[in-house]
Student: 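Here it is, the structure in full.
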Amino acid sequence: MGRALVTGGNRGIGEAIAKGLADLGHEVVIGARDLDAGQQVADAIGGEAVSLDLTDLDSIRQAAQAAGPVDMLINNAGVLFQGSMLEDPEGFQTSLDVMLTGPYHLIRLLSPGMATRGYGRIVNVSSGWGAFEEGLEGPNAYGVAKAGLNALSKALVRDLPPNVKVNAMCPGWVRSRMGGPQAFRSVEEGADTALWLATLPDDGPTGGFFKDRKPKPW
């Protein structure tokens, strides 16, 4: 079986993805800024945890090294700032760091090993708010960062070998700390498409955007 790194795997959708992969028999590494919280989840699923701050390139490098030979990378970590992008440059920058630049660096660092070993699956957990088709909605820079993550997922196909697949997905409105208790989907429902994309067969899609295992408009 494979080895996965799940960013933001200490709670919410990320925790559900980590548990789902462990249930399928994969080794799971939780990447979390709160290492204690990440370790609690790792202990519960028989995995590992590494400290990961996606706003800090040194932390990203150290986490990539500590995670070891990763076959599946699930870029799940996210932040949600309120208010205007123009009035909150720090929120704008942090949104881009956590949901676009950080994932880019993890892909850059981990995909060469995937290519060498002949197998890789990269799943970028995005959002409908990052779709032009839905009007790039959401507060602050959330939609902008997710749109960038979508674009990265599509464009990276030209730089990755066929045996390393990269896709984006929308989990829907999920009951989590970010989604709130009023959301109508469980974290397990939100995690399902990510689990599918993380375990695609050799003839599976790449460079796509999916919701409920079906293509979604960009």
Side-chain angles (χ1 to χ4, degrees), residues 3-15 17-18 21 28-34 38 49-68 70-81 91-115 120-131 136 138 140-160 164-171 178 190-191 193-195 197-198 200 206-210 216 218:
R3 182 174 176 86
L5 172 61
V6 182
T7 73
N10 53 301
R11 64 173 185 267
I13 298 171
E15 181 178 358
I17 294 170
L21 289 171
V28 179
V29 182
I30 305 292
R33 187 170 56 179
D34 184 343
V50 297
S51 177
L52 174 60
D53 180 351
L54 288 164
T55 68
D56 184 332
L57 183 54
D58 285 338
S59 176
I60 293 170
R61 290 189 181 113
Q62 291 167 11
Q65 183 174 13
V70 169
D71 306 299
M72 294 163 278
L73 169 62
I74 295 84
N75 286 310
N76 163 79
V79 291
L80 182 64
F81 292 90
F92 177 87
Q93 188 60 58
T94 300
S95 296
L96 292 179
D97 286 343
V98 172
M99 297 184 289
L100 178 57
T101 307
Y104 159 76
H105 284 298
L106 282 174
I107 294 168
R108 180 179 63 84
L109 292 166
L110 294 173
S111 61
M114 297 177 182
R121 301 291 183 266
I122 299 165
V123 182
N124 292 323
V125 179
S126 184
S127 168
W129 280 352
L136 299 179
N140 206 292
Y142 186 85
V144 172
K146 292 298 192 182
L149 186 63
N150 284 350
L152 186 70
S153 304
K154 185 174 180 64
L156 275 178
V157 172
R158 64 176 177 255
D159 292 333
L160 293 169
V164 179
K165 299 181 182 298
V166 55
N167 290 286
M169 55 82 64
C170 171
M178 183 179 291
T193 298
L195 294 173
L197 292 172
L200 286 172
T206 190
F209 184 30
F210 298 90
K216 178 174 173 56
W218 297 101

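For clarity, every value in this text was computed on a predicted model and none was experimentally measured.
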Student: Using every non-hydrogen atom in the two residues, find where V70 and M72 come nearest and quote the distance to one decimal.
Tutor: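 In this case the closest contact between V70 and M72 is CG1-O, 2.9 Å.
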Student: Could you check if a side-chain atom of L73 sits within less than 4.5 angstrom of a side-chain atom of L5, using non-hydrogen atoms only?
Tutor: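 They are in contact (side-chain heavy atoms under 4.5 Å apart), so the answer is yes.
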Student: So, the side chain of S153 versus the backbone of V166: is there a donor-acceptor pair under 3.5 Å, distance only?
Tutor: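 No; judged by distance alone, with no hydrogens or angles, the pair does not exist.
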Student: Considering non-hydrogen atoms only, spot the tightest contact between S126 and A168 and give its length.
Tutor: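 The pair with the smallest heavy-atom distance is CB-CB, 4.4 Å.
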Student: Using 30° and 60° as the class boundaries, would you call the ring planes of W129 and Y142 parallel, tilted or perpendicular?
Tutor: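 Perpendicular.
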Student: Does Y104 OH have over 12 foreign heavy atoms under 6.0 Å away?
Tutor: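 Open: at most 12 neighbouring heavy atoms sit under 6.0 Å from OH of Y104.
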Student: Tell me whether K216 contacts the main-chain N or O of G208 through its side chain, where contact means a donor paired with an acceptor under 3.5 Å.
Tutor: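 Side chain of K216 to backbone of G208, a donor-acceptor pair under 3.5 Å: no, none is there.
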Student: Look at atom CZ of R33 and say whether more than 12 heavy atoms of other residues, nucleotides or ligands are closer to it than 6.0 Å.
Tutor: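 For R33, atom CZ is not crowded (no more than 12 foreign heavy atoms under 6.0 Å).
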Student: Please give me the minimum heavy-atom distance between P103 and L149, naming the atom from each residue.
Tutor: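 That closest heavy-atom pairing would be CB-CD1, 4.0 Å.
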Student: How long is the straight-line distance from CZ of R11 back to CD1 of I30, given to the nearest 0.5 Å?
Tutor: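 Separation between the atoms: 12.5 Å.
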Student: Could you go step by step and tell me if L160 and I122 meet the side-chain contact (heavy atoms from CB on, under 4.5 Å) rule?
Tutor: CA-CA 11 Å; L160 293 169; I122 299 165; 4.1 Å; yes
Student: Which atoms form the tightest heavy-atom contact between V98 and A77, and what is the distance?
Tutor: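 Closest approach of V98 to A77: CG1-O, 3.8 Å.
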Student: Run the salt bridge (Lys or Arg N to Asp or Glu O under 4.0 Å) test against R108 and tell me which residues pass, sequence neighbours left out.
Tutor: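 So R108 forms no salt bridge (Lys or Arg N to Asp or Glu O under 4.0 Å) with any residue.
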Student: In this structure, which one of N76, N150, N167, N75 forms a side-chain hydrogen bond (donor to acceptor under 3.5 Å, both in side chains) with N124?
Tutor: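 Per the side-chain hydrogen bond (donor to acceptor under 3.5 Å, both in side chains) rule, the option paired with N124 is N75, out of N76, N150, N167, N75.
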Student: Give the minimum heavy-atom separation between E15 and N10, together with the two atoms involved.
Tutor: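 What the structure gives for the nearest pair is OE1-O, 3.7 Å.
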